[in-house]
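Taking it in order: structure first as structure tokens, then the write-up.
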Amino acid sequence: MSITEIQLFQILKNRIGEDEAKTLVEYVESKVEEEFERKKDVLATKQDVHNMIKWMFIFWIGQIGVIFGMLKVYFS
């Protein structure tokens, strides 16, 4: 348990009893873990963003090359 879970347990233990407090803290902990696991899949890291930017520039440069090539053929 982390400090916040221990603090929550102590507060709830005084109000609703030890067994109920433990059950409630475990429930909250499992819900937080589920939410973290659900959102973890859509989280982009710095490396992910770096790679996306790198590939976008590569494609943009290629696209510009194709456009200039088409303009050169058209105006020749």
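Because only heavy atoms are used, hydrogens play no part in the values below, and waters and symmetry mates are left out as well, while side chains stay in. Positions are given from 1, in the same order as the sequence printed here.
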- Message: Testing the basics here: between Ala21 and Ile16, what is the closest heavy-atom pair and its distance to 0.1 Å?
- Response: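 Closest approach of Ala21 to Ile16: N-CD1, 3.8 Å.
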
- Query: If every non-hydrogen atom of Lys13 is compared with every non-hydrogen atom of Glu18, which pair is closest and at what distance?
  - Reply: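 Looks like CG-CA, 3.8 Å.
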
- Measure the spacing between NE2 of His50 and OG1 of Thr45 and express it to the nearest 0.5 Å.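 The NE2 atom of His50 sits 11.0 Å away from the OG1 atom of Thr45.
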
Can you sort out the partners of [X] under side chain to side chain contact (heavy atoms under 4.5 Å, CB included), two or more places apart, ordered by chain and number?
X	answer
Glu33	Phe36, Glu37
Ile11	Arg15
Ile64	Phe68

- Query: Residues in salt bridge (Lys or Arg N to Asp or Glu O under 4.0 Å) with Lys39, at least two apart?
  - Reply: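 With neighbours one apart ignored, the set is Glu35.
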
- Query: Should side-chain heavy atoms under 4.5 Å link Ile, Leu, Val, Met, Phe, Trp and Tyr, which residues sit in the same cluster as Phe57?
  - Reply: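 Listed partners: Val49, Met52, Ile53, Met56, Trp60.
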
- Message: Which residues end up grouped with Phe59 if you chain together Ile, Leu, Val, Met, Phe, Trp and Tyr wherever their side-chain heavy atoms are less than 4.5 Å apart?
- Response: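 Phe59 shares its hydrophobic cluster with Trp55, Ile58.
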
